[in-house]
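Here's the structure, in structure tokens; my notes come after.
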Amino acid sequence: MRILFLSILICYAKFFYGQDTLTYCQKNSPWITNCYSFYKVSKDTNCGTFNKYMESDDGQKWYGIGNFIERKNKIIIYSFKLIRTLDNIVMDSTIIQSLSFIKQKGCLFQDEKHKSNKLIFIRQKSH
């Protein structure tokens, strides 16, 4: 299972090499790394795929791949599977329902009207 998952990630990485990519990582999170990388099909389009990567200070890692669409100042992520690993062993997976982010001044704000504590993601500079 682990080899299959890593093979899928490598295939996606080869496909998107050199594409229009933006990466945002969560701000003010001392115990986890939580990032989204968005890959547009081309600069002229408003849709593409994304990778989600999370890592906690106890060694757990989460990976997810899915599709998104960008509309004005919003990024809408469609439902996707988030896979949790520990010491490179798949522990479980969860289906994440659609998410919406608001883009504003180099940041993404998780658009959850019912929550007062919004997650804030900061755009990372390309290397």
Side-chain angles (χ1 to χ4, degrees):
M1 179 73 172
R2 179 178 54 186
I3 293 171
L4 174 63
F5 180 72
L6 291 175
S7 298
I8 291 170
L9 282 178
I10 290 169
C11 288
Y12 270 95
K14 285 182 179 179
F15 177 77
F16 293 117
Y17 181 74
Q19 297 293 321
D20 189 20
T21 304
L22 292 176
T23 299
Y24 294 87
C25 293
Q26 187 176 343
K27 177 182 174 183
N28 296 333
S29 181
W31 298 285
I32 67 166
T33 300
N34 185 10
C35 297
Y36 287 92
S37 293
F38 297 95
Y39 307 93
K40 286 188 176 181
V41 176
S42 72
K43 290 184 180 190
D44 300 331
T45 186
N46 64 344
C47 61
T49 62
F50 71 90
N51 291 343
K52 178 176 177 65
Y53 171 77
M54 289 176 32
E55 184 174 359
S56 65
D57 62 350
D58 64 356
Q60 296 182 79
K61 296 178 183 176
W62 294 262
Y63 304 94
I65 298 171
N67 297 311
F68 78 94
I69 189 164
E70 189 173 1
R71 293 189 180 138
K72 295 186 182 179
N73 66 336
K74 280 192 173 186
I75 294 178
I76 300 166
I77 292 176
Y78 298 109
S79 298
F80 66 99
K81 184 184 281 190
L82 192 63
I83 300 170
R84 181 173 65 107
T85 65
L86 181 61
D87 297 327
N88 294 323
I89 298 171
V90 173
M91 302 302 287
D92 57 27
S93 63
T94 305
I95 300 296
I96 305 297
Q97 298 303 318
S98 295
L99 298 172
S100 182
F101 295 97
I102 297 171
K103 289 173 51 177
Q104 190 174 44
K105 297 181 183 176
C107 297
L108 286 183
F109 296 90
Q110 194 162 350
D111 187 16
E112 295 187 35
K113 294 175 177 66
H114 61 280
K115 289 188 175 183
S116 59
N117 296 329
K118 292 184 179 183
L119 293 178
I120 301 171
F121 294 84
I122 304 296
R123 182 175 170 189
Q124 304 298 299
K125 294 190 189 295
S126 302
H127 300 311

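A distance of 3.5 Å separates CG in Asn34 from NZ in Lys52, rounded to the nearest 0.5 Å. Considering SG of Cys35 and CD1 of Ile122, their distance stands at 11.0 Å, rounded to 0.5 Å. Annotation: the span from Phe121 atom CZ to Cys25 atom SG amounts to 8.5 Å, rounded to 0.5 Å. Rounded to the nearest 0.5 Å, atoms OG (Ser100) and CD1 (Ile69) are 11.5 Å apart. Rounding to the nearest 0.5 Å gives a distance of 8.0 Å between OG1 of Thr94 and CZ of Arg84. Residue Ile65 holds its CD1 atom at 9.0 Å from CZ of Phe50, rounded to the nearest 0.5 Å.
Two rings, from Tyr36 and Phe101, have their centers less than 6.0 Å apart.
A single hydrophobic cluster is seen to contain both Leu108 and Ile96, as judged by linkage of ILVMFWY side chains at heavy-atom distances under 4.5 Å, directly or through other members. A single hydrophobic cluster is not seen to contain both Phe109 and Ile76; linkage of ILVMFWY side chains at heavy-atom distances under 4.5 Å, directly or through other members, places them apart. In terms of hydrophobic clustering, with Ile, Leu, Val, Met, Phe, Trp and Tyr side chains grouped at heavy-atom distances under 4.5 Å, Met54 and Leu99 are assigned to a common cluster.
Listed here is the closest heavy atom pair of Gly48 and Val41: CA-CG2, 4.1 Å. Among all heavy-atom pairs drawn from Tyr78 and Ser98, the shortest one is CA-OG, 3.8 Å. Between Thr23 and Ser37 the shortest heavy-atom distance is OG1-OG, 2.9 Å.
Partners of Tyr53 by side-chain hydrogen bond (donor to acceptor under 3.5 Å, both in side chains), not counting sequence neighbours, listed by chain and number: Glu55.
Between the side chains of Asn46 and Lys40, no donor N or O sits under 3.5 Å from an acceptor N or O.
Asn51 pairs in a side-chain contact (heavy atoms from CB on, under 4.5 Å) with only one of the listed residues (Phe38, Tyr39, Tyr63), which is Tyr39.
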Item to complete: Please report the C-alpha distance between Gln60 and Thr85 in whole Å, then the side-chain angles of each, then the deciding distance to 0.1 Å, and finally whether the side chain to side chain contact (heavy atoms under 4.5 Å, CB included) criterion is met.
Response: CA-CA 6 Å; Gln60 296 182 79; Thr85 65; over 6 Å; no
Discussion item. Applying side chain to side chain donor-acceptor pair (under 3.5 Å) to Asp44 and Ser42, what does each step give before you reach the verdict?
Written reply: CA-CA 5 Å; Asp44 300 331; Ser42 72; 4.9 Å; no
Worksheet entry | side chain to side chain contact (heavy atoms under 4.5 Å, CB included) assessment of Gln104 paired with Asn73 | CA-CA 7 Å; Gln104 190 174 44; Asn73 66 336; over 6 Å; no
